[in-house]
Structures are given as structure tokens and as C-alpha cells.
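Read through the structure below, which is laid out as C-alpha cells, and then see the notes.
The residues of the chain are indexed from 1 along the displayed sequence. Only this structure's heavy atoms are used, side chains among them; waters, hydrogens and symmetry mates stay out.
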Amino acid sequence: MSRDLRLFMKQLVRKPSEVVALAPSSTELANTMASFLPDGHKRVVELGAGTGKITRALMKNGVMPDDITIVETSTEFCAHLRHEFPYATVHQTRAEEISDLDIIGTTAVVSGLPLLSMSAASQRAIVKGAFDLMGPDGRFIQFTYGPVPPINAAIIRDLGLTYETSVRIWGNLPPAVVYCFRRMAH
């Protein structure tokens, strides 16, 4: 069993309310999320990085390690991420507090958070905070296991968002779909 998988399983057993996935993200899911980054991406913020599978895909897709800011609540995951990605910036805080972080030049926010299981207030704080960090062409990239968008429809409407999706990624456990949210052009 890999070190990442052991860490993931340990956290799943110890803190099941924080780790709601059945398994770590697959390489295919991580690569699909990274494929939605905008051209000329600069700083990328990752929410809920866990063991860093998506972080690795971001770097493979050309994001420089020092242009990655990670927001994670788990002490154990934060220690692991700081060890694995020493040039990335890791904040141990809740994603709802993203607007309190001063992260200049953010072009995309990539999220592994279980948004569907969060309250509308938490979703709004996270998504609005993410778009407040990004310029008008910013992208909020989120995966979901469910059949509907992972952001509440009222929040999508209120924030003036549109989205595109990937095909279902059957090789992930459970199968997932990636959503890429953007602000509507005015």
C-alpha cells in the first residue's frame, strides 16, 4: 500500500466527517481537473488537497510549485503536503476563510471539497471567496460524484456563473464529473 493511500485511509477512519471520499482521487480525475486550467495560468489555489494527487497533476500540467497555494484543514494532510511540496504555500484553515487570504494573481481555484454535503452558506463563502480572488477570467474547477452541479443553483445564479463539464470519469471510485465554473460575460 502506498504512503499516500495509508495516510488517506488513516484519516478516513480517524476523521470520517472530514474525509468524505471513499478513496483518493484517481490519476485520471486529477489530470482532467488540471486540463481545465486557463491558458497562461499563474497562481492556482487548491482547496482540500488531501494527499496531493491533484497537486501533482497541476504541476504536471505546468503549474510551478511556488505558484500553488493549498488550503487544507487536516493537520496530518498539511504536514504531508508541506513535506511533499516544499515550495507550495500550505494554509491550515477552512476553505470558507479563503477570502481572508491575500493571494495575488490567482487564475484558478481547484477544489476537492465535498460541496454537495455543505450548507448553502458554506458553499457561498467558498465560491464567492474564490471568485473574489480571481480576475474576470478565473475558473473554479470542482469535481462531484452526483448527477447535478456541485454548487447550489441559487448560488450559481446569484454569482452569475456558467459552467462546462467533463465526461464521467469511470476509473475514479466512485465515478466523477469535473465542473469548470466561470463568470458569465457581460
Quiz item: Where do Val109 and Met134 come nearest, in terms of heavy atoms and distance?
Solution: N-SD, 3.7 Å
Self-check item: Nearest-0.5 Å distance that lies between atom CG in Leu173 and atom OG in Ser26
Solution: 9.0 Å
Quiz item: Of all residues at least two apart in sequence or in a different chain, which pass the ring pair (Phe, Tyr, Trp, His ring centres under 6.0 Å) check with Tyr163?
Solution: Tyr179, Phe181
Self-check item: Rounded distance [0.5 Å steps], CG in Asp137 versus CG in Asp39
Solution: 11.0 Å
Quiz prompt | Student check: side-chain heavy atoms of Arg56 and Glu84 closer than 4.5 Å | solution = yes
Quiz item: Is a side-chain donor or acceptor of Ser166 paired with a backbone partner of Val178 at a separation under 3.5 angstrom?
Solution: yes
Quiz item: For the atom pair CE (Met59) and CE (Met64), what is the distance rounded to the nearest 0.5 Å?
Solution: 8.5 Å
Quiz item: Do Leu81 and Val44 belong together in a cluster built from hydrophobic side chains that touch within less than 4.5 Å?
Solution: yes
Quiz item: Would you say Phe143 and Pro150 make side-chain contact, with heavy atoms under 4.5 Å?
Solution: no
Quiz item: CZ/Arg157 to OG1/Thr162 distance, rounded to the nearest 0.5 angstrom?
Solution: 14.5 Å
Quiz item: Considering only heavy atoms from C-beta outward, does the side chain of Glu46 approach that of Val71 to under 4.5 Å?
Solution: no
Quiz item: Would you say the side-chain atoms of Arg139 pair up with the backbone N or O of Phe36, donor to acceptor, closer than 3.5 Å?
Solution: yes
Quiz item: Between Asn152 and Ala120, is there a donor-acceptor pair closer than 3.5 Å when you use the side chain of the first and the backbone of the second?
Solution: no
Practice problem: Give a yes or no on this: more than 12 heavy atoms of other residues, nucleotides or ligands lie within 6.0 Å of atom CZ of Arg124. | Solution: yes
Quiz item: Quick check: does any side chain N or O of Lys42 sit under 3.5 Å from a backbone N or O of Gly105, one acting as donor and the other as acceptor?
Solution: no
Quiz item: Going by side-chain heavy atoms closer than 4.5 Å, which hydrophobic residues are tied to Trp170, directly or by a chain of links?
Solution: none
Quiz prompt | Contact check, side chains of Leu37 and Leu58, non-hydrogen atoms, under 4.5 Å | solution = yes
Self-check item: Exercise: identify the closest heavy-atom pair between Tyr145 and Arg168
Solution: O-NH1, 3.8 Å
Quiz item: Does any non-hydrogen side-chain atom of Arg182 lie less than 4.5 Å from one of Glu164?
Solution: yes
Exercise. Check step by step if side chain to side chain contact (heavy atoms under 4.5 Å, CB included) holds for Leu47 and Phe140.
Key: CA-CA 10 Å; Leu47 306 176; Phe140 185 87; 4.2 Å; yes
Quiz item: Using a side-chain heavy atom cutoff under 4.5 Å and only I, L, V, M, F, W and Y, what cluster partners does Val148 have?
Solution: Leu116
Quiz item: Are the side chain of His41 and the backbone of Thr107 linked by a donor-acceptor contact shorter than 3.5 Å?
Solution: no
Practice problem: Locate the shortest heavy-atom distance separating Gly129 from Ser99; write the atom from each residue and the value. | Solution: CA-CB, 4.0 Å
Quiz item: Do Pro149 and Ile156 have side chains that get closer than 4.5 Å, going by heavy atoms?
Solution: yes
Quiz prompt | From OG1 (Thr27) to NZ (Lys60), nearest 0.5 Å | solution = 7.5 Å
Quiz item: Should Leu159 and Leu115 be regarded as members of a common hydrophobic cluster, given that ILVMFWY residues are connected when their side-chain heavy atoms come within less than 4.5 Å of each other, either directly or indirectly?
Solution: yes
Quiz item: Counting only N and O atoms by type, is there a donor-acceptor contact under 3.5 Å from the side chain of Glu96 to the main-chain atoms of Ala125?
Solution: no
Exercise. Check Ala49 against Ile70 and note the closest heavy-atom contact, atom names and distance.
Key: CB-CG2, 3.5 Å
Quiz item: Are any side-chain N or O atoms of Arg43 and backbone N or O atoms of Ala108, one a donor and one an acceptor, separated by less than 3.5 Å?
Solution: no
Self-check item: Leu29 to Ile169 - nearest heavy-atom pair and separation
Solution: CD1-CD1, 3.6 Å
Practice problem: Evaluate the side chain to side chain contact (heavy atoms under 4.5 Å, CB included) criterion for residues Asp132 and Lys128: first the C-alpha distance (whole Å), next the side-chain angles of each, then the deciding distance (0.1 Å), finally the verdict. | Solution: CA-CA 6 Å; Asp132 287 349; Lys128 182 179 183 317; 2.9 Å; yes
Quiz item: Between Thr69 (side chain) and Val45 (backbone), is there a donor-acceptor pair under 3.5 Å?
Solution: no
Quiz item: Are any of the side-chain heavy atoms of Asp100 and Thr93 separated by less than 4.5 Å?
Solution: no
Quiz item: Heavy-atom distance under 4.5 Å between the side chains of Glu28 and Asn172, does that happen here?
Solution: no
Exercise. Of all the heavy-atom pairs spanning Leu113 and Ala95, show the shortest one and how long it is.
Key: CD1-CB, 3.4 Å
Self-check item: Hydrophobic cluster membership, Met118 vs Val177, 4.5 Å side-chain cutoff
Solution: yes
Quiz prompt | Gln92 side chain to Thr73 backbone, donor-acceptor under 3.5 Å | solution = yes
Quiz item: If you group Ile, Leu, Val, Met, Phe, Trp and Tyr by side-chain heavy-atom gaps below 4.5 Å, do Ile141 and Ile151 land in one group?
Solution: no
Quiz item: Does the Gln123 side chain pair with the main chain of Ile155, one donor and one acceptor, at a distance under 3.5 Å?
Solution: no
